[in-house]
Amino acid sequence: MAAVPRLSLHVPEPTVRPGGRPDFSHVGVAPAGEARRPPVDVDPAEIRDLAFSLIRVLDEKGDAVGPWAAALTPQQLRQGLRDMLLTRAYDARMVLSQRQGKTSFYIQCLGEEAIACAHRKALEPGDMCFPTYRQQGLLIAAGWPLVDMMCSVFSNEKDRLKGRQLAGLYSAKEAGFFSVSGNLGTQYPQAVGWAMASAIAGDTRIASAWIGDGSTAESDFHAALVFASVYRPPVILNVVNNQWAISSYQGIAGGESTKFAARAHGFGLPSLRVDGNDYLAVYAVSCWAEERARANLGPTLIEWITYRAGAHSTSDDPSKYRPKDEGAAWPLGDPVERLKLHLIRRGEWSEERDRQMRAEVDAEVLEAAREAESYGTLHEGPKPSSASMFEDVYKEMPRHLREQRQQLGV
Amino acid sequence: MAAVPRLSLHVPEPTVRPGGRPDFSHVGVAPAGEARRPPVDVDPAEIRDLAFSLIRVLDEKGDAVGPWAAALTPQQLRQGLRDMLLTRAYDARMVLSQRQGKTSFYIQCLGEEAIACAHRKALEPGDMCFPTYRQQGLLIAAGWPLVDMMCSVFSNEKDRLKGRQLAGLYSAKEAGFFSVSGNLGTQYPQAVGWAMASAIAGDTRIASAWIGDGSTAESDFHAALVFASVYRPPVILNVVNNQWAISSYQGIAGGESTKFAARAHGFGLPSLRVDGNDYLAVYAVSCWAEERARANLGPTLIEWITYRAGAHSTSDDPSKYRPKDEGAAWPLGDPVERLKLHLIRRGEWSEERDRQMRAEVDAEVLEAAREAESYGTLHEGPKPSSASMFEDVYKEMPRHLREQRQQLGV
Amino acid sequence: MARLSMVEAIRDALDCKMAEDTRVVVFGEDVGYFGGVFRCTEGLQRKYGRSRCFDAPINESGIVGVAIGMGVYGLRPVAEIQFADYFYPAYDQIVSEAARLRYRSGGEFSAPIVVRMPCGGGIYGGQTHSQSPEALLTHVCGIKTVIPSNPHDAKGLLIAAIEDDDPVIVLEPKRLYNGPFSGHPDQPSVAWSKHPLGEVPAGRYVVPLGKAAVRREGRAVTVLCYGTMVHVAEAAASETGVDAEILDLRSLIPLDVDAIQASVEKTGRCVIVHEATLTSGFGAELAAQVMERCFYALEAPILRVAGWDTPYPHAEEWDYFPGPERVGRALLEALEA
Amino acid sequence: MARLSMVEAIRDALDCKMAEDTRVVVFGEDVGYFGGVFRCTEGLQRKYGRSRCFDAPINESGIVGVAIGMGVYGLRPVAEIQFADYFYPAYDQIVSEAARLRYRSGGEFSAPIVVRMPCGGGIYGGQTHSQSPEALLTHVCGIKTVIPSNPHDAKGLLIAAIEDDDPVIVLEPKRLYNGPFSGHPDQPSVAWSKHPLGEVPAGRYVVPLGKAAVRREGRAVTVLCYGTMVHVAEAAASETGVDAEILDLRSLIPLDVDAIQASVEKTGRCVIVHEATLTSGFGAELAAQVMERCFYALEAPILRVAGWDTPYPHAEEWDYFPGPERVGRALLEALEA
Ligand SMILES: Cc1ncc(C[n+]2csc(CCOP(=O)(O)OP(=O)(O)O)c2C)c(N)n1
Ligand SMILES: Cc1ncc(C[n+]2csc(CCOP(=O)(O)OP(=O)(O)O)c2C)c(N)n1
Ligand SMILES: [Mg+2]
Ligand SMILES: [Mg+2]
């Protein structure tokens with residue numbers, strides 16, 4: 001027998017680390033308008049290619065092109081721009097608040113605003129999103145009050161979550177926003193279960209599930225896909241590929257070998273890979289998946305390609321593991337700037353109006369922050385009562401918790 | 001807005017239930033010899049079609065045809081036949097022993113013998129299999145002593161597992177057979193980890209992981225595929241699709257929407273779908289995957305198509321959930337009969353020699369059973385000592401277990 | 001009144017709730033067409049249709065995860081885990097999700113789910129068909145855990161669990177499915193039809209969560225137990241002639257501390273029995289609470305009789321099982337001390 | 001001797017074992033290039049190469065599952081779970097596999113793995129960055145569980161864990177990573193460089209598994225504690241002036257029952273402190289064992305001070321945390337009884 005060569009372990013590494021030159025050739029940026037738009041009742045086996053292409057609507061010049069160019073009114077587009085700007089301003093303020101010690105922690109979605117903001121517009125009241133901590137855009141685009149969100153970030157006396165949660169783990173049933181878990185991936189099968197329930201009940205409401213690229217590695221991602229493929233409930237399975245999971249690049253979750261969108265193929269589910277920094281593409285593809293779900297045609301998996309432009313969280317320093325200028329090299333641009341360009345190109349926007357809108361959203365955020373701070377921040381002012389700590393463990397407080405509350409003397 | 005139709009839940013059902021006419025059209029039986037044989041260093045993206053076809057070598061007439069027809073010597077083929085017959089005779093005896101109360105439980109692999117028996121021949125000494133409870137053929141084809149296996153089935157005084165395990169949960173390190181777990185799927189990431197270790201150590205040994213169609217639904221299947229796709233260790237990922245998981249047909253694991261082999265595509269891994277009742281196909285494909293692994297080309301997933309011809313276990317009565325005659329309609333035949341036909345067709349076998357071999361293996365099993373029974377059976381004769389119950393929880397017995405052993409007075 | 005086996009009583013509870021409440025859906029591995037490997041859901045799919053009783057893929061995390069989603073939607077899912085030994089893959093969904101959802105959402109969302117799982121040994125099931133993981137559940141705030149010892153309670157507790165707005169885990173001692181079990185494997189098995197607690201009222205009734213039952217009154221020593229061990233303790237008491245008071249806890253969380261305290265204060269002695277492994281078992285919590293609440297009434301150390309701290313072995317089952325002999329010895333020891 | 005933080009001591013232990021034993025490999029989420037979110041593995045990838053220290057996909061079950069496979073192969077994997085709060089997905093691999101493998105294979109296979117996980121609160125981490133799941137580990141036979149309270153022990157226990165042939169879970173109280181913590185969040189934080197137990201010998205040494213340490217001698221009451229609570233108990237003793245004997249258990253399984261018994265027999269009183277939720281916590285097991293072993297020496301009920309039976313809240317952290325005030329009250333109560 002010939003001498004057998006020694007084995008060695010393959011450990012994926014990003015093409016570049018701090019000090020190196022950013023490289024995003026693996027993103028495979030296709031020209032806008034190129035990817036086809038199949039009918040919603042297409043056989044999933046027919047569109048496997050769409051997991052490897054990239055659906056884009058907005059081209060370099062800011063024109064909306066190709067079959068996915070959606071018929072959004074100028075008013076809708078301006079609202080979209082405003083939602084994204086508001087999300088960004090809100091994030092900036094909360095990051096600042098964390099630095100000022102008004103909360104312990106914060107997670108922004110800088111650079112990823114288009115995905116949640118545009119997706120939300122494709123849903124109906126009563127639909128339920130099962131988001132991650134980076135989908136605050138869903139709430140903001142739904143018009144949810146900033147003050148309410150901030151009260152939760154500050155864990156103050158008006159925090160509906162009674163101070164129990166870290167910043168960003170909102171819960172807003174009325175807005176179709178399921179309580180965010182700190183545990184990655186768990187919400188994915190829950191969303192599938194919610195959608196199954198809607199189907200069992202003969203309802204018309206659909207679910208939308210959210211997960212990050214890194215978290216697709218979690219086993220619950222598989223659990224969700226198995227149940228989704230077996231029972232075909234009305235659920236949209238969103239994967240937000242922002243290239244990073246804290247310090248691990250997408251290759252550590254399996255993104256080196258293939259595209260995350262392709263995960264759906266092993267389950268016979270249709271899957272689309274989409275430019276997540278393109279408000280129009282996000283809206284159009286979300287509507288397509290929504291229509292499928294609503295028509296009882298079953299789940300759709302969507303990989304949204306984007307870039308986490310900021311740190312993972314306020315506890316993180318990305319300069320330790322990726323080049324500082326990597327964001328500038330990101331080939332899909334900034335979702336806010338791209339939508340702005342489109343509006344200007346359509347003659348529906350101007351630098352002047354843009355400045356005005358930015359000033360407006362800043363003022364709105366500032367005012368909300370002032371109000372929310374008046375209800376307290378993490379270490380100052382009014383807080384949730386200590387006694388409330390014992391509530392909601394169960395619907396009725398059982399005896400042992402009443403005893404413990406008494407022991408604490410509250 | 002148009003009235004939205006009400007949703008409904010899709011619940012997969014097999015095409016037939018007791019009383020109905022068996023239907024296996026979904027198996028997609030392709031003619032033998034049709035599927036192509038790519039080079040082992042093929043780009044996985046090039047062979048996605050092989051997850052949807054069916055690699056077969058033995059045709060209806062018993063001829064070995066096509067690019068996967070392996071160069072097995074008549075001697076090897078006769079040995080293969082003998083391994084399968086021995087496995088079948090062993091199983092039959094153990095089922096009988098269970099009925100006689102010599103053990104509490106047994107799981108046979110009737111109809112699936114070719115997979116484990118032929119696969120084993122593609123491995124080298126030192127390689128490690130991480131089997132399920134239905135891969136006794138791996139041990140038998142490795143020439144492992146039947147008496148040792150039986151002692152474990154009978155939980156007697158010579159049981160190396162000291163009476164601790166249910167029948168079928170063997171462990172035989174020397175035979176490259178990892179301790180079988182009663183928990184489904186857990187061994188899959190372990191096999192990947194073992195293979196990673198071999199790569200880290202610069203070794204040449206490879207791992208072979210086993211799972212059933214129903215168990216691919218388990219989350220650990222995903223965990224294994226994620227790690228396999230990221231680190232590309234030398235592991236063969238076997239999925240034995242015997243159509244059933246106790247009473248649930250493969251559709252309940254997601255097999256209605258696509259083929260299990262396609263699960264690999266979401267991970268960028270090569271995948272083959274193979275006639276598991278065709279000894280020659282199993283051997284050829286196992287060798288292909290083994291060669292890839294050994295050459296550090298990484299994992300291969302193989303879906304073996306077969307049929308669980310017997311009950312799930314001695315505790316099961318399949319007539320409750322599938323037609324009694326379903327097995328007779330199984331389109332891929334009986335692996336033993338097919339190999340026998342091939343040998344006869346090659347002029348290397350005869351009915352007479354076949355009868356003789358069957359008598360021989362029956363005698364071998366009987367003799368082994370007599371010996372094993374002389375060391376005790378579950379309720380009669382010598383047994384493992386009660387004191388041994390406290391051993392092996394830890395390498396050294398800690399004080400609290402010594403105290404408990406004393407309390408038991410042993 | 002009808003005499004039912006525990007399997008029939010469980011099925012009856014599901015049937016009763018499915019009939020009166022369309023929100024109740026039942027699923028799990030082999031639960032649909034086949035009716036479950038222990039037959040607890042037999043006939044339900046035929047009666048209520050495939051979308052209310054169906055087979056689930058073999059993914060326990062998924063089973064509990066989708067149940068949570070269904071509960072959030074507003075249904076009342078009853079999921080079966082085929083054996084308690086296989087619930088670990090679902091542990092994260094139970095602990096991090098079902099148990100915490102109401103709390104973390106400030107009461108906005110909740111998961112009114114029931115997870116049924118056969119538990120316990122005595123059936124030669126080996127280490128993966130015999131476990132009693134209750135202590136891994138009782139440490140988790142936000143869920144309730146119950147365990148019946150007879151058909152009457154099995155039905156009443158299951159109905160109470162389905163109606164409860166919090167997640168409830170129902171552990172079903174599989175050794176009791178078809179009849180009570182004294183812990184003497186060599187004695188002929190008895191059917192529930194011969195036992196008074198095999199009498200199961202028709203229709204809806206509940207055994208409230210959090211209420212223990214005195215199975216045998218006595219003055220010499222209190223035995224705290226649940227599930228199969230209730231019958232073993234009864235056998236031990238009658239075989240030793242010790243005047244034991246036997247409390248069947250039925251519900252572990254919430255726990256009936258009043259009943260426990262009342263009994264131990266009366267007897268001054270306490271023996272705790274469970275089948276799960278000893279260390280950090282639920283018996284430890286019971287011992288700690290008895291100590292805290294009844295310290296000055298205690299005349300002897302509290303004794304624990306439990307499974308040894310080893311995996312549940314196959315052939316050595318009866319050396320492992322805390323049978324009437326070991327329990328009887330503890331009763332006598334408690335009296336001597 | 002060098003003064004190291006607990007993070008540095010842990011890194012030093014890994015470095016020391018990786019240098020002397022090529023079988024040792026280290027991995028986990030963000031563990032490779034970046035060096036871990038708590039920096040415990042910083043520099044190891046650069047020093048030992050990518051195949052001995054690397055990032056893992058975010059799949060805790062996979063992390064432990066592949067570690068088991070590596071251990072079976074013959075390596076000595078040290079896996080990091082980023083927060084103990086995230087170990088539940090790996091629970092099945094730990095409980096059903098790592099813990100049972102040696103037993104079920106009759107000693108033929110074993111999984112000599114180490115799983116490190118930061119645990120405990122006091123850092124405003126909210127319910128998913130604050131948990132102390134030790135009781136969910138101590139109930140599982142076949143694994144060992146240790147928890148250091150200082151850099152010296154952190155290094156010595158981790159080396160002992162890596163050298164141990166059984167699976168060992170190392171819980172690392174993250175509140176202690178950079179300095180001891182008395183439980184007074186308003187007092188300025190102290191660095192380990194100011195603490196005698198910040199002295200960490202260079203090179204290999206072990207703190208044996210199963211040996212407690214007396215952190216403070218006393219005659220009035222025994223305090224059983226571990227991890228962060230050791231420092232809280234010290235603060236409580238000095239603030240109340242109670243002559244408490246403080247035992248730092250260090251290793252929960254195996255447990256140093258001799259040290260416990262000797263101390264409680266001396267003092268006649270016992271207070272147990274842990275940060276985990278009370279019910280079915282490891283304190284219950286300690287209480288039960290003290291009761292069983294020292295019943296006739298006990299002059300007062302054993303008291304438990306623990307986290308309340310709620311998820312770990314964010315803003316109410318200091319109401320939740322069993323700080324020196326609550327511990328101090330228990331010390332006084334134990335004396336009064
Ligand atoms: C079960 C679990 N494991 C680990 C973590 C720690 N953690 C929090 S965020 C994160 C990275 C997630 O990355 P990704 O899914 O890509 O989402 P992104 O942060 O990029 O939006 C990790 C590892 C966790 N919260 N839960
Ligand atoms: C974690 C876990 N869940 C459930 C079971 C119960 N169980 C044992 S075998 C089986 C069916 C497995 O089917 P499959 O994977 O197709 O293998 P086959 O029996 O057909 O070989 C089930 C559900 C188990 N052993 N472990
Ligand atoms: Mg990410
Ligand atoms: Mg099967």
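Chain A is the first sequence line, chain B the second, and so forth, proteins listed ahead of strands; every chain is numbered from 1. What's counted below: heavy atoms across the whole structure, side chains too, no hydrogens, waters or symmetry copies.
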Side chain, backbone, both or neither of B:Phe178 within contact of chain D (heavy atoms, under 4.5 Å): both
Verdict with supporting geometry, B:Trp194 and D:Ile68, side chain to side chain contact (heavy atoms under 4.5 Å, CB included): CA-CA 8 Å; B:Trp194 193 97; D:Ile68 292 170; over 6 Å; no
Which portion of D:Ile143 sits near chain B, non-hydrogen atoms under 4.5 angstrom: backbone
Nearest-0.5 Å distance, CD1 of residue B:Ile200 to CZ of residue D:Phe54: 4.5 Å
Value rounded to 0.5 Å, distance of CG in D:Leu75 from CE in B:Met196: 10.0 Å
Largest heavy-atom contact set with chain B, pairs under 4.5 Å, which of D:Asn59, D:Val72, D:Thr22, D:Val66: D:Val66
Minimum-distance pair of heavy atoms, taken over all atoms of D:Gly62 and B:Ala223: CA-CB, 3.8 Å
Minimal non-hydrogen separation, B:Leu161 against D:Gly106, with atom names: CD2-N, 4.0 Å
Which atoms of B:Arg164 approach chain D - backbone, side chain, both or neither, heavy atom under 4.5 Å: side chain
Top contributor to chain B interface from D:Lys144, D:Arg100, D:Glu97, D:Arg104 [non-hydrogen pairs under 4.5 Å]: D:Arg104
D:Tyr103 side chain reached by B:Met389 side chain, heavy atoms, under 4.5 Å: yes
Structural part of B:Glu403 lying under 4.5 Å from a heavy atom of chain D: side chain
Shortest non-hydrogen separation from B:Asp220 to D:Ser61 and the atoms involved: OD1-OG, 2.6 Å
Side chain / backbone / both / neither for D:Val25 at chain B, heavy atoms under 4.5 Å: side chain
D:Tyr73 side chain reached by B:Met128 side chain, heavy atoms, under 4.5 Å: no
Side-chain donor or acceptor of D:Asp166 paired with backbone N/O of B:Lys395 under 3.5 Å: yes
Segment of D:Ala56 engaging chain B (4.5 angstrom heavy-atom cut-off): both
Shortest non-hydrogen contact from D:Phe109 toward B:Ser179: CE1-N, 3.5 Å
Heavy atoms from other residues, nucleotides or ligands near CZ of B:Arg399 exceed 12 (cutoff 6.0 Å): yes
Top contributor to chain D interface from B:Glu391, B:Glu396, B:Arg160, B:Gln190 [non-hydrogen pairs under 4.5 Å]: B:Gln190
Atom group of D:Ser110 that falls short of 4.5 Å from chain B, counting heavy atoms: neither
B:Val230, part contacting chain D, at a heavy-atom distance under 4.5 Å: side chain
Contact origin within D:Glu108 toward chain B - heavy atom pairs under 4.5 Å: both
D:Asp256 versus chain B, the contacting section by heavy-atom distance below 4.5 Å: neither
B:Lys158 atom NZ, over 12 foreign heavy atoms within 6.0 Å: no
Residue pair D:Asp92 / B:Thr186, side-chain donor-acceptor N/O under 3.5 Å: no
Interface moiety of B:Ser198 toward chain D, non-hydrogen atoms closer than 4.5 Å: both
Sidechain-backbone polar pair: B:Tyr394 side chain, D:Cys141 backbone, donor-acceptor under 3.5 Å: no
Segment of B:Phe221 engaging chain D (4.5 angstrom heavy-atom cut-off): neither
Between B:His222, B:Gln187, B:Arg205, B:Glu174, the one whose heavy-atom pairs under 4.5 Å with chain D are most numerous: B:Arg205
